[in-house]
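Notes to accompany the following structure.
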Amino acid sequence: MTARVVLAYSGGLDTTVAISYLAKMTGGEVVAVSLDLGQGGEDMESVRQRALDAGAVESVVVDAREEFANDYCVPTIKANGLYMGQYPLVSAISRPLITKHLVQAAKDHGGTHVSHGCTGKGNDQVRFEVSFMSLAPELEIIAPARDYAWTRDKAIAFAEENNIPIEQSKSSPFSIDQNVFGRAVETGFLEDLWNPPTKDLYAYTEDPALGNAPDEIIISFEAGVPVAIDGRKVTPLEAIEELNRRAGAQGIGRLDMVEDRLVGIKSREVYEAPGAVALITAHKALEDVTLEREQARYKRLIDARWSEEVYDGLWYGPLKRSLDAFIEDTQAHVTGDIRMVLHAGKAVVNGRRSEQSLYDFNLATYDTGDTFDQTLAKGFVQLHGLSSKIANRRDRQFGES
């Protein structure tokens with residue numbers, strides 16, 4: 001049986017050269033699959049044609065923007081998904097979707113292998129391959145950059161030797177991955193932790209020091225899903241795109257962090273995620289007034305664990321599915337409006353309203369009309385502190401010299 005490799009194709013140098021390289025290594029054919037995740041830039045038809053020109057027997061382009069927003073970004077917003085409390089999982093949530101479409105292409109086009117361009121140092125190799133193993137374990141996996149020590153120099157030399165049409169452009173010193181939910185930049189001079197990011201790193205955000213006038217915005221949610229901005233109904237994709245523009249103009253969503261990679265090393269990453277950061281900030285604020293105290297406390301633990309599972313490439317794992325069920329249950333009453341001011345790199349919430357709010361003005365007020373029975377507080381405090389009181393009495397008796 002002739003091998004047929006389904007390749008995750010970005011349209012760049014490495015994956016363009018990989019088409020011919022994989023065909024040579026396997027003695028088979030290559031099907032290129034490209035997804036539009038709202039990353040912008042080059043026209044997807046040009047990407048499709050480039051794959052064919054480079055020798056692909058089929059070139060599949062999928063407009064997955066709405067699917068990405070609805071089925072991957074929205075769950076991340078509901079989970080307040082931030083790895084290490086900072087990173088909004090920009091790349092991590094795109095990999096299982098790309099994998100899903102590669103598996104479908106393998107079914108449609110008789111694929112025997114799947115391939116990606118990830119190295120052995122990164123998280124993405126895990127995200128792709130664990131997802132492949134979960135969805136289609138019968139497919140063999142090839143990772144040229146990792147398995148064959150594929151480098152840019154080797155790619156260019158191979159292209160020249162085999163007359164592969166590539167555009168000889170100046171090589172970026174950075175590794176960049178982007179989609180509608182954000183942008184990730186690494187390598188180059190960022191590998192020296194003392195070097196500050198330069199202006200040319202950023203594409204989704206303006207310098208927060210520019211002094212743009214504050215932008216007040218109202219974001220409306222229904223059951224945890226963003227459904228309107230300033231009273232105008234939007235889809236999740238439209239909400240992310242508008243917040244990318246408006247929060248990006250204020251420099252919101254810039255992150256410079258050293259994160260703990262799954263493979264055990266620390267890596268410096270610079271992120272831009274204006275829409276993601278603004279929406280998660282608003283969603284958290286609405287949960288503060290609609291989730292019961294103990295439920296909210298536990299959800300914060302679940303949110304952190306959900307983010308770790310997704311970061312670690314376990315989108316299709318059983319624990320993540322169970323966490324999804326818990327998170328979805330908590331969103332039943334997360335409906336209402338959040339008003340926030342976007343300015344100078346910050347999204348600051350200054351108004352909250354919800355018909356399903358648990359905030360009771362008459363219980364919270366210190367003015368006339370207060371319905372909170374303060375006579376109950378004395379006994380509550382005594383009982384709440386009783387176990388600590390007894391333990392400390394024991395420690396004083398037996399634990400002190």
Side-chain angles (χ1 to χ4, degrees), residues 69 73-90 181-182 205 208 214-236 238-255 271 273-307 323 326-361 363-365:
C73 299
V74 166
T76 305
I77 294 167
K78 288 181 177 180
N80 302 312
L82 297 170
Y83 179 65
M84 295 176 64
Q86 299 180 71
Y87 165 50
L89 302 168
V90 169
F181 210 54
T205 56
D215 183 5
E216 189 170 82
I217 188 171
I218 297 174
I219 304 174
S220 303
F221 293 85
E222 289 182 6
V225 180
V227 295
I229 294 179
D230 293 333
R232 177 177 52 82
K233 287 193 176 299
V234 293
T235 65
E238 291 169 339
I240 297 166
E241 290 175 335
E242 181 163 344
L243 266 298
N244 276 343
R245 291 191 297 271
R246 294 173 66 173
Q250 299 289 340
I252 293 166
R254 290 186 174 189
L255 304 165
Y271 296 108
V277 168
L279 285 166
I280 290 172
T281 299
H283 179 263
K284 279 183 175 180
L286 187 57
E287 283 191 335
D288 288 345
V289 298
T290 56
L291 295 190
E292 182 271 334
R293 176 177 178 264
E294 296 304 320
Q295 184 186 43
R297 274 184 164 184
Y298 198 73
K299 184 175 185 291
R300 285 191 285 273
L301 300 176
I302 295 299
D303 288 347
R305 192 70 188 92
W306 187 95
S307 299
L323 299 179
F326 172 84
I327 291 169
E328 192 61 34
D329 182 73
T330 67
Q331 300 302 288
H333 302 292
V334 185
T335 297
D337 305 317
I338 294 296
R339 189 180 64 231
M340 57 180 13
V341 175
L342 310 175
H343 186 230
K346 296 181 180 179
V348 179
V349 174
N350 67 2
R352 311 146 179 87
R353 65 185 176 195
S354 170
E355 292 182 356
Q356 301 185 50
S357 170
L358 297 178
Y359 178 84
D360 187 325
F361 176 84
L363 287 173
T365 184

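Numbers here are sequence positions counted from 1. Values below: every heavy atom of this structure, side chains too, minus hydrogens, waters and symmetry copies.
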### Task
In sequence, state the C-alpha distance, the side-chain angles, and the governing distance for Lys233 and Val227, and then conclude on side chain to side chain contact (heavy atoms under 4.5 Å, CB included).
CA-CA 6 Å; Lys233 287 193 176 299; Val227 295; 5.6 Å; no
### Within 6.0 angstrom of His343 NE2, more than 12 heavy atoms from elsewhere
yes
### Task
For the residue pair Thr330 and Gln295, establish whether any side-chain heavy-atom pair is separated by less than 4.5 Å.
yes
### Query
Would you say Glu294 has more than 12 foreign heavy atoms packed within less than 6.0 Å of its CD?
yes
### Message
Rounded to the nearest 0.5 Å, what separates atom OG1 in Thr281 from atom CG in Leu342?
### Response
9.5 Å
### Query
To the nearest 0.5 Å, how far apart are CZ in Arg339 and CD1 in Ile217?
12.5 Å
### Min side-chain heavy-atom separation Ser357-Arg352 under 4.5 Å
no
### Task
Give the intermediate values and the outcome of side chain to side chain contact (heavy atoms under 4.5 Å, CB included) for residues Tyr298 and Leu301.
CA-CA 5 Å; Tyr298 198 73; Leu301 300 176; 4.1 Å; yes
### Query
How far apart are the closest heavy atoms of Thr335 and Thr290, and which atoms are they?
O-CG2, 4.4 Å
### Query
Taking all non-hydrogen atoms of both residues, which atom of Ala364 and which atom of Tyr359 are closest, and how far apart?
CB-OH, 3.6 Å
### Task
Could you give me the CA-CA distance, side-chain angles and deciding distance for Glu287 and Gln331, then say whether side chain to side chain contact (heavy atoms under 4.5 Å, CB included) is met?
CA-CA 8 Å; Glu287 283 191 335; Gln331 300 302 288; 2.8 Å; yes
#### Entry: Plane angle bin for Tyr87 and Tyr271 - parallel if under 30°, tilted between 30 and 60°, otherwise perpendicular
parallel
### Query
Is there a salt bridge (Lys or Arg N to Asp or Glu O under 4.0 Å) between Lys284 and Asp303 once you walk through the steps?
CA-CA 11 Å; Lys284 279 183 175 180; Asp303 288 347; over 6 Å; no
### Non-hydrogen side-chain atoms of Asn244 and Phe181 separated by less than 4.5 Å
no
## Note on the structure
Closest non-hydrogen contact found for Pro214 with Val341 is CB-CG1, 3.9 Å
### Query
Rounded to the nearest 0.5 Å, what separation is found between the CG atom of Asp215 and the CD1 atom of Ile252?
8.5 Å
#### Entry: Side-chain touch Pro88/Leu255, heavy atoms, less than 4.5 angstrom
yes
#### Entry: Gap between atom CG of Leu358 and atom CZ of Arg293 - 0.5 Å precision
13.0 Å
### Query
What are the two closest heavy atoms between Ala296 and Leu291, and how far apart are they?
CB-CB, 3.9 Å
### Query
Are the side chains of Glu238 and Ile229 in touch, meaning some heavy atoms are under 4.5 Å apart?
no
### Task
Please check if the side chain of Arg254 supplies one atom and the backbone of Thr205 the other of a donor-acceptor pair under 3.5 Å.
yes
### Query
Does any non-hydrogen side-chain atom of Phe221 lie less than 4.5 Å from one of Ser354?
no
### Task
Taking all heavy atoms of Arg353 and all of Leu286, pick out the closest pair and write down the distance.
O-CD1, 4.4 Å
### Query
In Å and rounded to the nearest 0.5 Å, what is the NZ to CD distance from Lys299 to Glu292?
14.0 Å
### Query
When rounded to the nearest 0.5 angstrom, what distance separates OG1 in Thr365 from CG in Asp360?
10.5 Å
### Query
Is it the case that more than 12 heavy atoms not belonging to Gln356 sit under 6.0 Å from its CD atom?
yes
### Message
Within the structure provided, determine whether Ile219 and Leu243 are in side-chain contact (heavy-atom separation under 4.5 Å).
### Response
yes
### Query
Where do Val334 and His283 land on the side chain to side chain contact (heavy atoms under 4.5 Å, CB included) test, with the steps shown first?
CA-CA 8 Å; Val334 185; His283 179 263; 4.0 Å; yes
### Summary
Note: Ser307 and Asn80 closest approach over all heavy atoms is OG-O, 4.4 Å
